[in-house]
Protein chains: 2
Amino acid sequence: MTAPVFDLDAFLPYRVAMVSRRLSRIFEERYRDRFGISVAEWRVVAHLAQSGAVSVREIVARTDMEKSRVSRAAARLEAAGYVAKCTHSGDRRLVELTLTARGRAMMTELAPIAEAFNAEIGTCLGADADAFRRALDRLFASA
Amino acid sequence: MTAPVFDLDAFLPYRVAMVSRRLSRIFEERYRDRFGISVAEWRVVAHLAQSGAVSVREIVARTDMEKSRVSRAAARLEAAGYVAKCTHSGDRRLVELTLTARGRAMMTELAPIAEAFNAEIGTCLGADADAFRRALDRLFASA
DNA sequence: CGGCAATCATTGCGATTGCAACGGCCGCGT
DNA sequence: ACGCGGCCGTTGCAATCGCAATGATTGCCG
């Protein structure tokens, strides 16, 4: 029985997962205490701030999250008063998600925090930042 | 009420999370059907193949996974016959995890699959592969 | 030598997730 | 006009996760 040799540190999916987890965790610490939202909810809010009124399906297509995850995140955000849900006029299957005034206020506070964190990452990467972004784009496109 | 503007696509934690999720998903498809293990269990097995007999705590420190996640993954692996658990002689608090013959056989089959997948990613990245690896190392070190 | 804080692994519990099934709604074809 | 297949969002259910508490064991320090 040969002893299988495998270098886990060189395995890129593992490395990416570790970094992803840490980045999300660090960023989450900067807004969870203040607003009490989770990562899934942050993504929905950020997407709404970017795109205005959109349906659940659009967020699903755009963020690669499960339908149910988006649906429940939207429900929690609605319960917390950050998001309003109303049925689309014309196609009553669709749900139009919109930021409430409270949601926009949160985003006004959150956007600079996110930008700052993003900038931190950029400076941390230094000269490799552009290559890193390119690599992410390529992996996302081909995966 | 100003409309908050934020470009989610430029937000690196988000991009990394998307790519991480996709890579893990794709790789998982290549072994889940054959061996019925999950990502957490794969990580434990890969680490055992690399490090021999180790305790739960070492895997936790090394992989940045929660104690309970590693513990349960080890329990599932033991139930499936891939891993053996025995108390460390000398310090009976520690649990020594070891690959069984069946576990080593699985790893013998899995290692080439992982290597191939890793190589695919490398070729996909092309000239940016080295910078990508450097960037991951730097983010991991500073996070 | 004895107690006591610390370490290690497990487990209970609440929350979240993914998958699949479902109910409501649309639009196409007839 | 009317089914009927398909799309959209929600929900039931099982599994997993994270966190905190617990049980078991060790090593330190008085």
Side-chain angles (χ1 to χ4, degrees), chain A residues 17-18 20-29 32-33 35-45 47-48 53-80 83-98, chain B residues 17-18 20-22 24-29 32-33 35-44 47-48 53-80 83-98:
Chain A
M18 298 260 290
S20 170
R21 180 181 159 81
R22 293 198 177 202
L23 290 180
S24 290
R25 176 64 63 100
I26 294 173
F27 180 57
E28 190 180 9
E29 286 173 6
R32 180 177 256 296
D33 288 343
F35 299 109
I37 63 174
S38 71
V39 176
E41 292 151 31
W42 146 257
R43 285 185 196 162
V44 171
V45 170
H47 190 67
L48 286 182
V54 294
S55 67
V56 171
R57 188 65 191 138
E58 290 179 72
I59 297 183
V60 166
R62 193 97 168 52
T63 64
D64 196 39
M65 295 169 70
E66 283 287 319
K67 279 195 298 187
S68 58
R69 199 179 173 199
V70 175
S71 176
R72 292 191 230 254
R76 289 190 292 261
L77 287 169
E78 185 190 27
V83 162
K85 286 163 57 176
C86 58
T87 61
H88 182 83
S89 56
D91 191 339
R92 300 161 57 102
R93 290 173 300 183
L94 302 179
V95 171
E96 270 199 359
L97 299 174
T98 324
Chain B
M18 297 260 290
S20 170
R21 180 182 160 81
R22 293 198 176 201
S24 290
R25 175 65 62 101
I26 293 174
F27 180 58
E28 190 179 10
E29 286 173 5
R32 180 176 258 296
D33 288 343
F35 299 108
I37 63 174
S38 70
V39 176
E41 292 151 31
W42 146 257
R43 285 184 196 162
V44 171
H47 191 68
L48 286 181
V54 294
S55 66
V56 171
R57 188 65 192 140
E58 289 180 73
I59 296 182
V60 166
R62 194 100 169 50
T63 64
D64 196 40
M65 294 168 70
E66 282 288 319
K67 281 193 297 185
S68 58
R69 199 178 173 201
V70 175
S71 177
R72 292 191 232 255
R76 289 191 292 261
L77 287 168
E78 186 190 27
V83 161
K85 288 163 55 176
C86 59
T87 61
H88 182 83
S89 56
D91 190 340
R92 301 160 55 103
R93 291 172 301 183
L94 302 180
V95 171
E96 269 198 358
L97 299 174
T98 325

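Chain identifiers are assigned alphabetically (A, B, ...) following the order of the sequence lines, protein sequences preceding nucleic acid strands; residue numbering begins at 1 within each chain.
- When rounded to the nearest whole Å, the span between CD of E41(A) and C1' of dT16(C) equals 10 Å.
- The two residues R69(B) and A40(B) have their closest heavy-atom pair at NE-CB, 3.7 Å.
- R22(A) and D64(B) get closest at one heavy-atom pair: NE-OD2, 3.4 Å.
- Contact annotation: R69(A) side-chain N/O to dG9(D) OP1/OP2 distance is not under 4.0 Å.
- Distance L94(B) CG to dT10(C) P: 11 Å, rounded to the nearest Å.
- Remark: R93(A) is not in phosphate contact with dG9(D), judged by side-chain N or O atoms under 4.0 Å from OP1 or OP2.
- No side-chain heavy atom of M65(A) sits under 4.5 Å from any side-chain heavy atom of H47(A).
- Position along DNA chain D of the nearest nucleotide to R25(A) versus D91(A) favours D91(A) as the more 5'-ward residue.
- dT10(C) atom P lies 12 Å from atom CZ of R76(B), rounded to whole Å.
- Within the 4.0 Å cut-off from OP1 or OP2 of dT7(C), not a single side-chain nitrogen or oxygen of K67(B) is found.
- Note on S38(A): nothing from the nucleic acid sits closer than 4.0 angstrom, heavy atoms only.
- As a whole-Å value, the separation of D64(A) CG from dG18(C) C1' is 13 Å.
- Side-chain atoms of R72(B) and base atoms of dG18(D) include a donor and an acceptor less than 3.5 Å apart.
- Rounded to whole Å, the distance from CD on E78(A) to P on dG9(D) is 14 Å.
- Contact of the D33(A) side chain with the E29(A) side chain is not registered, since no non-hydrogen atoms from C-beta on lie closer than 4.5 Å.
- Dashed line: the shortest gap from a side-chain N or O of R32(A) to OP1 or OP2 of dG18(D) is not under 4.0 Å.
- Phosphate proximity of dT11(C) to S68(B): absent, as no side-chain N or O sits under 4.0 Å from OP1 or OP2.
- Residues K85(B) and L97(B) approach most closely at CG-CD2, 3.2 Å, considering heavy atoms.
- Comparing A40(B) and V95(A) by the nucleotide of DNA chain D that holds the closest heavy atom to each, the one mapping nearer the 5' end is V95(A).
- Following rounding to the nearest Å, E66(A) (CD) and dA15(C) (P) show an atom-to-atom distance of 22 Å.
- At a cut-off of 3.5 angstrom, the base of dG6(D) holds no donor-acceptor pair with the side chain of R57(A).
- Distance CD (E28(B)) to P (dT16(D)): 11 Å, rounded to an integer number of Å.
- Within the nucleic acid shown, R21(B) comes within 4.0 Å of sugar-phosphate atoms alone, with no base atom in reach, counting heavy atoms only.
- Contact annotation for A74(B): no contact, since no heavy-atom pair falls under 4.0 Å across all strands.
- Using a 4.0 Å cut-off, no side-chain N or O of S71(B) falls inside it from OP1 or OP2 of dA9(C).
- Between L97(A) atom CG and dC8(D) atom P the separation is 14 Å, expressed in whole Å.
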Assess the residue pair E28(B) and R32(B) against the criterion (salt bridge (charged side-chain N to carboxylate O under 4.0 Å, His left out)); give the C-alpha distance rounded to whole Å, side-chain angles, the decisive distance to 0.1 Å, and a yes or no. CA-CA 6 Å; E28(B) 190 179 10; R32(B) 180 176 258 296; 3.2 Å; yes

